[in-house]
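Each chain gets a letter, A, B and so on, in the order the sequences are listed, and its residues count up from 1.
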Amino acid sequence: MLAEHNSPLSIIKTNVLKSLECSFGADSKQVETILKKSIFNTPDELINGHWSSNIAMVSAGVLKRSPHDVAKELIKAFADSPSFERIEIAGPGFINFYLTENSLLRQIEHHDEYLKEAINDIESRTILIEFVSANPTGPLHVGHGRGAAFGDALKRLLSFVGHDVTTEYYVNDAGRQMDIVTASILLRAAEVSDIDFPHAGYQGEYIKTIASSIIIESGTRNKIEESIKNLPEDKDEAIDKICIELKKHSDIWQQTKSVGLEKILGLIKSDLSEFNVIFDEWFFESSLGSIDEDDSKLRQALDLSINEAGYEKDGAYWLRSTNHGDDKDRVLIRKDGRVTYLASDVAYHKEKLDRGFDQLINIWGADHHGYIKRIEAAIESVGHSKSSLMVLLVQFANLFEDGQKLKMSTRSGTFYDLGKLVELVGADVARFYYLSKQADQHLDFDVSLAKSESKENLYFYIQYAHARIASLEKKYEEANGSLPSKTDSGNCPDALVAIIQVLMNFPVNILNSVERYQPHLLIYYLRDLSQAIHQFYNEINVMKAASNDASNYMFVLLKAKNIIKQTLNLLGIEAKNKM
RNA sequence: GCGCCUGUAGCUCAGCUGGAUAGAGCACCUGGCUUCGAACCAGGUGGUCGGGAGUUCGAAUCUCUCCAGGCGCGCCA
């Protein structure tokens with residue numbers, strides 16, 4: 001009997017397929033149906049085998065045979081295979097494969113190709129992920145952190161499986177908010193008193209800092225002060241009136257606006273950089289141009305959109321978004337001639353798709369979910385398919401400290417900035433907890449837990465597993481001169497098998513995490529892997545084992561260490577060699 | 001009222017494209033360090049998977065309904 005060199009999983013799949021065709025005469029369509037529904041996995045309990053499949057139960061339905069009959073026939077194909085210690089039929093028709101110790105170890109040598117095989121089936125696409133995109137009105141707050149961590153992790157995951165991914169930040173530099181920021185800076189530059197400073201203006205200290213770089217002549221200062229006299233009661237109307245007045249001094253207005261934008265984007269970029277998030281592209285809303293310019297992207301997109309799916313009513317121009325399930329139609333151009341936020345988005349999404357991406361992913365706060373229908377309508381109205389857009393929602397994160405929910409209002413300033421959180425717990429820990437729960441569900445972020453070095457801190461549990469192996473690796477190399485590069489025959493105790501089982505689950509977990517856009521699954525994978533490592537470590541002393549065993553143990557542990565590192569990197573987190 | 005999300009152990013949560021006895025951590029009880037890192041491990045207590053009905057060989061997972069909570073429903077962004 002010849003030794004087998006392929007990985008056990010590929011042997012299993014090959015034999016089962018051959019048997020389905022030869023013994024049951026399954027045609028290619030039937031085989032395809034069966035394969036689509038059947039699963040080959042590593043069971044949670046070793047008692048159910050090292051590999052297990054439901055394929056007999058799935059085939060039973062397709063072939064009109066009983067699951068047990070199918071299973072019995074299928075396992076005949078393995079009679080000559082030396083890789084298996086035994087194969088059993090269990091429960092309602094599971095086939096459980098038990099590997100020999102040698103083939104168990106051999107799997108780890110095949111680990112990389114197993115992963116490659118899994119990834120190979122994915123069709124590569126060009127993807128644009130747009131996220132954060134916070135208004136450039138101040139530093140990022142903790143709410144933005146979750147979107148940033150999520151978007152960046154998705155980029156890494158999608159790239160890892162072979163997609164061509166670009167990340168982009170959409171800068172709303174053309175709207176009312178930017179005007180208010182500009183006005184706020186100008187008023188601070190003119191040293192308007194706190195009492196007179198408008199309530200709807202931006203209050204933060206950073207506004208004063210930026211204002212200090214703006215030089216204003218005394219004549220201009222008087223004019224600025226004029227702008228805050230005789231204002232309407234309503235604070236929103238008041239700020240709008242101030243903006244209108246200030247815009248009359250177009251030189252200083254434009255200068256202030258451009259300095260303000262540059263400085264605030266600087267703050268945002270620095271927050272992101274501290275958080276290890278780097279965007280490929282920064283897209284400025286202003287680059288879409290104005291509705292008044294015939295050849296602007298905004299104008300062209302709106303002309304097309306309104307022509308295809310719009311109409312005029314009450315002096316305004318509307319998009320017929322109800323055709324795509326929206327509650328009501330939406331205004332694109334107001335009756336006063338100004339465009340709405342949606343209008344910019346029509347042009348922006350057209351622009352993104354015109355750049356040729358196969359898929360757009362937008363990451364939005366969950367409070368924007370009502371916006372999805374109209375943006376889909378918008379995309380269809382400019383000649384693209386709404387299926388090219390995928391909107392992923394991120395729920396708000398509540399911050400807790402010592403069991404108390406932290407208020408996150410701008411005014412209170414107690415705990416608000418992302419930068420402050422990163423400073424407090426570190427970028428890696430912050431990212432870890434942001435990603436620890438499904439993005440579209442509420443997250444309670446416990447700052448004291450993240451800071452603590454206690455055993456309830458999952459972050460440390462995982463890092464500790466990595467650091468322990470790193471430390472062992474050093475000792476092993478010192479004692480033996482080199483690290484093992486392959487496996488040898490030897491013992492394969494249960495504690496080691498447990499690690500191997502989790503490692504063999506890696507490709508499935510990666511694919512699952514990518515297909516569902518859920519990086520958090522990887523955190524729980526890492527927990528399971530770390531647990532197996534800690535258990536092994538407590539049970540078996542590698543340095544005292546017989547040399548062939550020690551070499552095998554080290555080989556498996558190094559693979560585990562590598563997988564932890566690789567997986568943490570996919571989440572944007574660095575693995576530690578020392579705690 | 002309509003739409004989206006959520007309800008799993010005392011607490012924080014995994015698991016949800018149907019699969020074997022529902023899993024972790026914390027808390028509580030018991031045990032394990034003179035040698036590879038005890039930020040660790042082993043064992044124990046603890047669950048009608050919000051309630052009910054349906055689909056089928058099989059449901060925490062799919063469907064319906066009810067209950068409870070969160071969010072969203074602007075010519076704001």
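- For A/Phe150 and A/Tyr434, the distance between ring centers is not under 6.0 angstrom.
- A/Tyr537 comes within 4.0 angstrom of a base, heavy atoms only.
- For B/G15, neither phosphate oxygen OP1 nor OP2 lies less than 4.0 angstrom from any side-chain nitrogen or oxygen of A/Tyr524.
- To the nearest whole angstrom, the two P atoms, one in B/U8 and one in B/G69, are 15 Å apart.
- In this structure, A/Asp234 atom CG and B/G74 atom C1' are separated by 15 Å, rounded to whole Å.
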Which is it for A/Asp179 and A/Lys257 under the salt bridge (Lys or Arg N to Asp or Glu O under 4.0 Å) test, yes or no, and what are the steps along the way?
CA-CA 8 Å; A/Asp179 285 346; A/Lys257 190 169 183 173; 3.4 Å; yes

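- B/A24 is paired with B/U12 under the criterion used here, namely a Watson-Crick or G-U wobble arrangement in which both key atom distances are under 3.5 Å.
- Between A/Asn41 and A/Arg338, the residue anchored closer to the 5' end of RNA chain B is A/Asn41, taking for each the nucleotide with the nearest heavy atom.
- The base-pairing partner of B/A53, taking Watson-Crick or G-U wobble contacts with both distances under 3.5 Å, is B/U63.
- Side-chain atoms of A/Ile291 and A/Arg299, non-hydrogen and from C-beta on, do get closer than 4.5 Å to each other.
- A/His368 comes within contact range of at least one nucleobase, with a heavy-atom separation under 4.0 Å.
- Close to B/G74, at under 4.0 Å from its OP1 or OP2, lies no side-chain N or O of A/Arg334.
- A salt bridge is defined here as a Lys NZ or Arg NE, NH1 or NH2 lying under 4.0 Å from an Asp or Glu carboxylate O, and A/Arg334 with A/Asp336 fails to meet this definition.
- As judged by a 4.0 angstrom heavy-atom cut-off over every strand, A/Asp236 is placed among residues making no nucleic acid contact.
- Contact annotation: A/Arg527 side-chain N/O to B/G23 OP1/OP2 distance is not under 4.0 Å.
- Among the atoms of the strands shown, only primed sugar atoms or phosphate atoms (P, OP1, OP2) are found under 4.0 Å from some heavy atom of A/Leu521.
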When you check every protein heavy atom under 4.0 Å of nucleotides 54-63 of chain B, what one-letter string (B, S, -) results, 5' to 3'?
----------

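- Per the geometry, CD1 belonging to A/Ile55 stands 16 Å off P belonging to B/G19, to the nearest Å.
- Inter-residue side-chain proximity for A/Ile268 and A/Val132 is flagged as unmet; no heavy-atom pair is nearer than 4.5 Å.
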5' to 3', nucleotides 3-10 of chain B under a 4.0 Å protein heavy-atom cut-off (B base, S sugar-phosphate only, - none) gives BSSS----

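- The base-pairing partner of B/G1, taking Watson-Crick or G-U wobble contacts with both distances under 3.5 Å, is B/C73.
- Between the side chain of A/Gln501 and the backbone N or O of A/His50, at least one donor-acceptor pair lies under 3.5 Å.
- Base pairing annotation: B/A38 forms no Watson-Crick or G-U wobble pair, as no partner gives both donor-acceptor distances under 3.5 Å.
- Distances shown here put a side-chain N or O of A/Lys475 below 4.0 Å from the OP1 or OP2 atom of B/G37.
- Using a 4.0 Å heavy-atom criterion, one finds that A/Ile469 contacts no nucleic acid atom at all.
- With A/Asn491 contributing its side chain and A/Pro493 its backbone, the two residues share no donor-acceptor pair below 3.5 Å.
- Taking the six-membered ring for Trp and the full ring otherwise, A/Phe40 and A/Phe97 have centroids separated by 6.0 Å or more.
- With hydrogens and angles ignored, a donor-acceptor pair under 3.5 angstrom links the side chain of A/Ser52 to the base of B/A20.
- Side-chain contact between A/Leu443 and A/Gln395 is absent, with no heavy atoms from C-beta onward closer than 4.5 Å.
- Among the heavy atoms of the strands lying under 4.0 Å from A/Ala467 is at least one base atom, whether or not backbone atoms are also near.
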Less than 3.5 Å apart, which donor and acceptor atoms pair up between the side chains of residues 523-531 of chain A and the rest of the protein, not counting sequence neighbours?
| residue | atom | partner | partner atom | Å |
| --- | --- | --- | --- | --- |
| A/Tyr524 | OH | A/Ser436 | O | 3.1 |
| A/Tyr525 | OH | A/Val502 | O | 2.7 |
| A/Ser530 | OG | A/Leu526 | O | 2.7 |

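- Counting any heavy atom pair closer than 4.0 Å across all strands shown, A/Asp528 reaches no nucleic acid atom.
- For the pair A/Tyr459 OH and B/A24 C1', the interatomic distance rounds to 20 Å; values are reported in whole Å.
- Ring geometry for A/Phe283 versus A/Tyr170: interplanar angle under 30°, hence parallel rather than tilted (30 to 60°).
- In this entry B/G58 has no Watson-Crick or G-U wobble partner, no candidate having both defining distances under 3.5 Å.
- Residue whose closest nucleotide on RNA chain B sits further toward the 5' end, between A/Gly315 and A/Ala90: A/Ala90.
- Distance alone, capped at 3.5 Å, is enough to place a donor-acceptor pair between the A/Tyr169 side chain and the A/Ala134 backbone.
- If you check every strand for non-hydrogen atoms under 4.0 Å, A/Asp345 touches nothing.
- Look at A/Tyr464 and you'll find a side-chain N or O under 4.0 angstrom from OP1 or OP2 of B/A39.
- Counting only heavy atoms from C-beta on, A/Asp367 has its side chain closest to B/G72 among B/G19, B/A77, B/G72.
- A/Glu45 comes within 4.0 angstrom of nothing in the nucleic acid, heavy atoms only.
- The side chain of A/Asn54 lies closest to B/G19 when the candidates are B/C36, B/G19, B/A38.
- Contact annotation for A/Tyr371: base contact, defined as any heavy-atom pair under 4.0 Å involving a base atom.
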